[in-house]
Structure formats: structure tokens, C-alpha cells
Amino acid sequence: MTEPPDPATGTGPEPVPPPAAAPPARRGWLRSLGRAVPYLPAAAPAAIVVAVAITLLLASGFHNFGWDFFGLKFNSDQGVWGVGVLIVGSFLTAVPALVLSMLLGLGIAIASTTYLPRALARVLDPTVDLLAGIPSVVYGIWAFVAVAPWFGRVLNPWLASHLAFVPGFAANSISPSSEGVGLPIAIFVLTLMALPITTLLIRDALRSVPRDLWESGLALGATRWEVVRRVALRHGRRGVWSAAFLGFGRAIGETVAVAMVIGAVDKLPSNAYDSTWTMAAFMFQELDAAFGSSRYLELLAELGLVLLAITFAVNLIGRRLVAHLYAEEVAGL
Amino acid sequence: MSAALDGGPVLQVRGLTVRAERRTLLDRIDLDFPARSLTAVIGASGCGKTTFVRTLNRMVELTPGLTVSGSIRYHGQDIYDRGVDPVLVRRRIGMVFQRPTVFPMSVFENAAFGLRVAHEPEAEIDRSVTDALARAGLWDEVKDELDRPALALSGGQQQRLCIARALAVHPSVLLLDEPTSALDPIATQRVETTMRHLKEELVLILVTHNVGQAARVSDRVAFLSAGRLIEQGPTAEMLERPRDPLTQQFVSGRFA
Ligand SMILES: Nc1ncnc2c1ncn2[C@@H]1O[C@H](COP(=O)(O)OP(=O)(O)OP(=O)(O)O)[C@@H](O)[C@H]1O
Ligand SMILES: [Mg+2]
């Protein structure tokens, strides 16, 4: 059954469809592929993620390591590779860095959106971008040569004397030979590196609070601080959570700068000032060593897969949470 | 002869002038607001109505670049005096905005907001919230959903919640800047009923571009044009026998 071209649509005659009895036409298949072309770019990011995951999986020879892979025993000379050490190291650096950069980011964002005179804010706000533009390796070398010695001489002993009651923080655990390299300086560097993203996102969240809403709070006799705390941060809480999840991604994935100050030893830290290693830094620093051994290379690939999975999972959880908050606000669940 | 029994107006505006960098937004306004009255401030768009009510609780200070001179006395005390805290001024002189501005929290917490920031005791908060919701004419509609997010309410309910929120801190003056302009006719009617009840207990100052609304709810009308107070007086007189040709034109144009 062929229909006459519809004059109302003005699109001209459609190609005549093949008779129902005919086998599925190849041209029809091609045509639907052709129609899909404009959608393809949108699928590219997903395709890239899948491709990375699959090829990494193939390169990893995952069957070789089994569950010991996630263990905490690590000795490359004996061929015992439990990357649990590295996973712990990554979290031990990324989580505190995230907490610190969120606190700092909140402070900076609140100051600039709420208290700073507009003219001054306009000058100071773009400086966060400058911070984001510094290459990691510059952070790394700066931290190593200029900051780590001070950590070793001043900050770590200070922490030890003030936080002695916290397990792992007592003074006797500071190794005099560490030169300040270890967890605290790695956390410090990561805090700085996550700071631009947390600050920017929190600032945008606060900026998106309608003026009327601000003024309504003030008109009820609230101080600016109370309006920020009770209204603006609530209104912008999706942005604040996004900041946390993206900041975490930044912190756990950072490589070079951490590699330069973490101490790079394949063991769990025995105290808060100790050296350890992270997944990202390990992959980077052990690449040379892996060239002689395909098994070692497989280990690095599998480690890459683990880091991918962790960032992916964090991202997913973040999205679900943010979507949930949105639904809660709108539908009133 | 309409002066308040307790002697003098609640709010007394004298020589109020507001300047921006290059222009004068309000020019030497003199106006009194007696107790238990509703004054409608009318005038064409851009004549300075919003600027005027924002001077009455010092909200105008949040806009950089404006300078205020003249005096605004609240029970005889100039609210712009150096020792006066704007936060306290705003607890006495509340404000409702053009669009409903409910906070992203529950109906109850919205109504309780001003009491919480004033650190009122919990029992007092419960009592004041219930009372304020009732006075805003919203209690019957929301009494079973006090814990629901306020954003789930209809626009008209949200606006009455904003009124309730302002009432909860027991202000003696309430500024309403075109509170019904974002609402449909039925929601508008409800808000107008609320306003008629409220003027029995406090001073209401209503900005409206709608002369019909002024006729329905107000006792007094003040007509502004290009930043000047052209004429003011009892509503019937102002709307039926305005003396100034500008007022005549505005009032008849809006009625037609
Ligand atoms: N910060 C400012 N700087 C300069 N001019 C301003 C500023 N704020 C407002 N104006 C001007 O002052 C005039 C009065 O503004 P206002 O908002 O008070 O008018 P309005 O009577 O409330 O108008 P509408 O009925 O449209 O709400 C307008 O012409 C406006 O452009
Ligand atoms: Mg206005």
C-alpha cells in the first residue's frame, strides 16, 4: 500500500516502502544506520569508557592474579602482588584531601559570594582558575623541595604533640629520616589540587541562589551567615555534593605530584606520617620496572582497571545522590 | 483625625530621597502610616514603588550604589540611625516579595525560619507557627502536611506561606511588593482576604500596579510618579475624586 505524499507536511514524497513479502531490504538497514548518524557523537563518551575498560581487561590477564590481587601482602621480588596496599594508600590520601579541600572551598566560596564587596570579588574570583592552571609536576617539585622539609621539621612534630591522643599520631612514630615525605605532604598537595574544582562548583551553587531567596532570609531578620547556612547551602546542596564527588575523582586520580612526595614504598603506613604508595603513583613509577615482565605489566593494567572502576563507582553514586536530592526537592518525597 | 490612638503614626517618612549614581529614584517623600491600616502604593512601572518599600526595612542597603537621605521613624525612632541594627529593624518590619520565595525545606521549617534565627524556644516556635499559618489563612490547607517540602505547595499557597513566615516573627509592619502578580485570580482572592484580616492588627503597605486591588483592600492610597509622591489620601477619595491630573490619568486608565 503506497500512500500519496502528504501535502500538509510539505516534506515531499517519502521513498516507497518495499512490498511486505520482500525480504528485509539492505537499503532499509543502511537507511536506519544513516538516521542514527547524528546520534553517534552523543554515544562516543560511553563507547570510549567501554573500550578502555575492555582493552584494559584484555591487557590485564586478570585470571593470573585471582583474589590475592586485592590482598595486603606486597613483595615484587617474591612475585606477591596484593594491591590492597595501594588501594588503602589511595584512600588514605584522597579522603582527607577531599575533606580539607571541601572545607577550604566552602570557606572561599562563602566569603566571595556573601561577604566580599562585589568589586573585590570580581578581582579575586578568577584567581582560582590560576590555581587550576598550575601543572601537577610544578606542585610536586615545589612540595618536595620547598614544603616537605618544613613538614618534617615543623608541622609533623606539631601535629604529633597536639594530636598525640589520636592513634597513629604520636611523636615516636615520626621517622627522622623521612625528610617530611609521606602522608601529610601528599594530602597537602592533593588538597591544593582538588581545591579549584571544589571551590568553583560550590561558588556556582551559591551564585545560583536567587536574589529574592537571599533577601527573604535577610528580611526575616537573619544574618548573612544564617542565610548561607540555612538557605543558600541547602538550595545549592546538589552543587555542593557534585563538588565533593568531582573533587574526590581529582584527588584519587592525581599521579605525578603524589608520586613525588608520597615516599613510594609498597607497604601500609604504620602511622600518620609514614610513607606509602597510591594506585596512580604506583602505575606511573613502576612502568619502567614492568618492561622486563609481562606479568608485571598485566598487574599494572589490572590496577588501572581497579582505579577506573573506583572512579566510575564514585561517579555513579554521586549522580544517583544528586538526582535523588533533586527528586526530593521537586516531588516532595 | 485618623491618627492612631497611641499617638502618631507607626511609620513616619520625611524627606526621603534615594539617589543612584546619576539619577534620583525617590525625591523628598513625606508619608505617614497609621496603625491598623492598609496603604496601597500605586504608580506606573519604574516609578519607584519597589525602591520605596525597600527603604522602609533597610533592604535598599543591599543594593550597592544607592544613597538614602531623609528620615524614616518607626514609633519615633529613626531606623537609619547609626546605632540601629538592620537585622532588628527587619524583625519589626517584615517583607513579602513579588514571587513566592519559599525556602527549600518543609512547610513548618519555612514558617519557623525567622523564629529559629531569633533563637526562640521550641514551644514558642510551635505556637507561633500555628498561629501565623492560621492568620495567613493557610492552616486548614497545610495542617496535615507540615513536614512536606514547601516547594510542593501551589503558587498561591507558597505566597501565603511567605506571608505566614513573615507574620511568625510578630512584626508590626508588613511590606508586600506586588504579592499577587504571580498568582491566578483565585489565589489572588485568597491573598486579598488574608490582607483584609491582617490590617486589623498591623500596618500593611501594599505595592500594587492594580488599581482594582487597591480599591478592594486598601484604606489609603499613595500615588507615585517618577520618584515623587504626587498625591495620597483615603482610598475612596483618591480613586473617585483625585485632585492631581496625573493621578486622574493613572486611575482612570487603569480602571478602563
Ligand atoms: N540600583 C539601581 N541603580 C540605578 N537605578 C535603579 C536601581 N534600582 C532601580 N533603579 C531604577 O529606579 C527606578 C524605580 O525602580 P523600582 O524598581 O523601584 O520601580 P517600580 O515602581 O517598583 O517598578 P515596577 O512596577 O516595574 O516593579 C527604575 O527606573 C529603575 O530602573
Ligand atoms: Mg517593583
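No experiment lies behind these values; they were computed from the predicted model shown. All chains are named by letter (A, B, ...) in the order of the sequence lines, taking the proteins before the strands, and each is independently numbered beginning at 1.
Side-chain contact check for Arg230(A) versus Glu109(B): every heavy-atom pair is 4.5 Å or farther apart.
Neither the backbone nor the side chain of Val89(B) comes within contact range of chain A; no heavy atom of the residue lies under 4.5 Å from a heavy atom of that chain. Residue contact with chain A, scored on non-hydrogen atoms closer than 4.5 Å, is absent for Arg92(B). With a 4.5 angstrom heavy-atom cutoff, Arg58(B) does not touch chain A via any of its atoms.
When all heavy atoms of Leu213(A) and Pro104(B) are compared, the closest pair comes out as CD2-CD, 4.5 Å. Pairing each heavy atom of Ala219(A) with each of Phe97(B), the nearest pair is CB-CE1, 4.3 Å. Here the closest non-hydrogen pair linking Thr63(B) and Arg211(A) is OG1-NH2, 3.7 Å. Minimum heavy-atom separation, Gly221(A) to Arg91(B): O-NH2, 2.7 Å. Looking at every heavy atom in both residues, Arg118(A) comes nearest to Leu62(B) through NH2-O, 4.2 Å.
Interatomic distance, Leu220(A) CG to Met95(B) CE, rounded to the nearest 0.5 Å: 11.5 Å. To the nearest 0.5 Å, the span separating CZ on Arg90(B) from OG1 on Thr223(A) amounts to 11.0 Å.
Around the CH2 atom of Trp241(A), the shell of radius 6.0 Å holds no more than 12 heavy atoms that belong to other residues, nucleotides or ligands. Within a 6.0 Å sphere centred on CD1 of Ile186(B), other residues, nucleotides and ligands contribute 12 heavy atoms or fewer. Phe312(A) CZ: 12 or fewer foreign heavy atoms inside a 6.0 Å radius. The environment of Arg19(B) atom CZ is sparse: at most 12 non-hydrogen atoms of other residues, nucleotides or ligands sit within 6.0 angstrom.
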What do the steps show when you test Ser216(A) against Phe113(B) for side-chain contact (heavy atoms from CB on, under 4.5 Å), and what is the final call?
CA-CA 10 Å; Ser216(A) 298; Phe113(B) 183 89; over 6 Å; no
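The greatest number of non-hydrogen atom pairs below 4.5 Å with chain A, out of Arg99(B), Arg116(B), Met59(B), is found for Met59(B).
Using a 4.0 Å cut-off between a side-chain N of Lys or Arg and a carboxylate O of Asp or Glu, Glu215(A) and Arg54(B) qualify as a salt bridge.
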